[in-house]
A.B. asks: 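If you scroll down you'll find the structure; I have some questions about it.
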Amino acid sequence: MSTGSLAAVGSGEYLPSMLELESLLISDGIKRGKQPVFVQLATAAGRESEERRDYWRMLGQDQADRLGVEARCLPVFGRAEAESHEFVDAVRDAALIYFSGGDPNHLANSMRDTILWQAIQENFNTGGSLAGCSAGAMFMSDQVPRIRFTTSPPVAGVGLLSHIQVIPHFNMIHRFIPDAVVRALSDVPDGVTLIGIDDETSMVRREDAWSVVGKGRVHILNGDEPRTFEHSEHITALG
């Protein structure tokens with residue numbers, strides 16, 4: 001059995017505007033033998049307030065209700081929970097596992113090389129869909145992209161997208177981090193494609209081909225031929 005569908009999302013997790021994407025990913029998982037279960041992980045918000053965590057839980061539950069599937073919002077907010085066997089069974093049969101936004105470095109440090117991440121990869125490798133939005137897209141690389149100036153060494157990601165780094169909120173990021181793109185371009189490792197993903201937009205890999213789903217655009221930012229792709233277009237630069 002092939003690996004499942006994979007989505008990197010610029011923003012908009014669990015919003016009505018992203019129903020098309022999340023429905024597609026769940027449908028793909030079910031077709032590959034998974035259960036109609038939508039696992040939601042707000043680990044990237046693990047250092048935020050309880051109120052903020054509740055926000056993600058309620059938003060995710062509302063989206064699952066719209067989709068007519070079971071929501072499993074797992075209280076995994078740091079490495080201790082990800083190293084526990086408590087949540088492994090909850091991810092084994094899920095049609096879609098989705099990491100929402102927050103702090104990508106905290107997310108990577110919480111999930112990398114853990115029991116739970118191993119179980120999530122196993123679900124993905126046997127047909128379950130996997131998605132990450134904003135921080136959830138950033139941590140999938142070998143190295144979490146650095147979009148702010150810092151002298152700290154880069155944080156290792158989980159290596160799922162070894163040849164890609166993502167800048168989320170690409171159409172808006174200049175408003176709150178003016179030099180984000182310049183910083184990321186100067187820091188991207190050799191052989192890695194830097195990609196900007198607009199708000200409420202995703203790039204999705206299904207059957208080994210990448211395409212765009214959403215109202216915005218996906219931008220290839222480095223290499224010999226930077227390009228922009230719109231909804232339903234195949235991202236040919238990624239194969």
Side-chain angles (χ1 to χ4, degrees), residues 1-9 12-16 18-46 53-102 104 107-108 110-140 157-161 202-208 213:
M1 182 178 292
S2 63
T3 59
S5 299
L6 177 65
V9 187
E13 62 272 71
Y14 315 151
L15 295 181
M18 302 302 284
L19 269 172
E20 177 183 357
L21 170 69
E22 292 165 31
S23 177
L24 179 71
L25 294 172
I26 289 170
S27 177
D28 283 351
I30 292 171
K31 288 176 183 175
R32 294 187 174 101
K34 300 299 181 177
Q35 297 301 307
V37 172
F38 190 169
V39 171
Q40 299 152 358
L41 285 152
T43 312
R53 296 176 185 180
D54 285 344
Y55 165 81
W56 288 117
R57 180 182 56 78
M58 291 185 291
L59 199 69
Q61 181 65 62
D62 287 346
Q63 188 78 318
D65 290 345
R66 284 187 284 267
L67 290 163
V69 297
E70 176 188 349
R72 294 179 186 168
C73 185
L74 305 185
V76 177
F77 300 119
R79 193 169 183 87
E81 296 95 333
E83 286 282 41
S84 167
H85 288 275
E86 180 181 356
F87 304 107
V88 168
D89 286 344
V91 304
R92 287 192 196 280
D93 61 349
L96 173 59
I97 299 171
Y98 202 132
F99 288 90
S100 53
L107 175 55
S110 296
M111 297 302 303
R112 188 178 56 250
D113 299 325
T114 62
I115 293 167
L116 183 58
W117 178 248
Q118 183 178 359
I120 290 169
Q121 283 190 295
E122 178 63 21
N123 185 70
F124 174 64
N125 289 337
T126 55
S129 295
L130 180 61
C133 184
S134 191
M138 296 172 75
F139 96 115
M140 291 184 182
V158 292
L160 191 63
L161 296 175
S202 63
M203 64 176 205
V204 184
R205 189 181 71 198
R206 305 174 69 218
E207 305 296 339
D208 297 321
V213 177

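Side chains are part of it too, since the values below use all heavy atoms of this structure and drop only hydrogens, waters and symmetry mates.
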A.B. asks: Any donor and acceptor pair, going by atom type alone, linking the side chain of N123 with main-chain N or O of A94 inside 3.5 Å?
C.D. replies: yes

A.B. asks: Within the side chain of S202, is there an N or O that forms a donor-acceptor pair under 3.5 Å with the backbone of V213?
C.D. replies: yes

A.B. asks: Is there a side chain to side chain contact (heavy atoms under 4.5 Å, CB included) between R79 and D113? Walk through the geometry before answering.
C.D. replies: CA-CA 10 Å; R79 193 169 183 87; D113 299 325; 4.2 Å; yes

A.B. asks: Report the C-alpha distance between F87 and E81 in whole Å, list the side-chain angles of each, state the deciding distance to 0.1 Å, and finish with yes or no for side chain to side chain contact (heavy atoms under 4.5 Å, CB included).
C.D. replies: CA-CA 8 Å; F87 304 107; E81 296 95 333; 4.0 Å; yes

A.B. asks: Distance-only, no hydrogens or angles: does the R53 side chain make a donor-acceptor pair with backbone N or O of G46 under 3.5 Å?
C.D. replies: yes

A.B. asks: Please lay out, stage by stage, how I97 and F124 fare under the test side chain to side chain contact (heavy atoms under 4.5 Å, CB included).
C.D. replies: CA-CA 9 Å; I97 299 171; F124 174 64; over 6 Å; no

A.B. asks: Taking the side chain as C-beta and beyond, is there a heavy-atom pair between L160 and L6 under 4.5 Å?
C.D. replies: yes

A.B. asks: Is R72 salt-bridged to D93, going by a charged N under 4.0 Å from an acidic O?
C.D. replies: yes

A.B. asks: For residues Y14 and D62, determine if any side-chain heavy atom of one lies less than 4.5 Å from a side-chain heavy atom of the other.
C.D. replies: no

A.B. asks: Can you give me the closest heavy-atom contact between L41 and L74, atom names plus distance?
C.D. replies: CD2-CB, 3.8 Å

A.B. asks: Without swapping roles, check the side chain of S23 against the backbone of E20 for a donor-acceptor pair under 3.5 Å.
C.D. replies: no

A.B. asks: Grab the two heavy atoms, one from S5 and one from R32, that are nearest each other, plus how far apart they are.
C.D. replies: OG-NH1, 3.4 Å

A.B. asks: Rounded to the nearest 0.5 Å, what's the gap from CE on M58 to CD on Q61? Could you check?
C.D. replies: 11.0 Å

A.B. asks: Would you say the side-chain atoms of E83 pair up with the backbone N or O of T114, donor to acceptor, closer than 3.5 Å?
C.D. replies: no

A.B. asks: Could you walk me through whether R92 and V88 pass the side chain to side chain contact (heavy atoms under 4.5 Å, CB included) check?
C.D. replies: CA-CA 7 Å; R92 287 192 196 280; V88 168; 3.1 Å; yes

A.B. asks: Keeping E13 on the side-chain end and G101 on the backbone end, is there a donor-acceptor pair under 3.5 Å?
C.D. replies: yes

A.B. asks: Considering all heavy atoms of both residues, which atom of G78 and which atom of S110 are nearest to each other, and what is their separation?
C.D. replies: CA-OG, 3.6 Å

A.B. asks: Can you tell me how far CG of D65 sits from CD of E70, rounded to the nearest 0.5 angstrom?
C.D. replies: 11.0 Å

A.B. asks: Answer yes or no: is there an ion pair linking E122 with K34, defined by an N-O contact shorter than 4.0 Å?
C.D. replies: no

A.B. asks: Are Q63 and L15 packed together at the side-chain level, in the sense that at least one heavy-atom pair is separated by less than 4.5 angstrom?
C.D. replies: no

A.B. asks: Give the ring-plane orientation class for F99 versus W117, where under 30° counts as parallel, over 60° as perpendicular and anything between as tilted.
C.D. replies: tilted

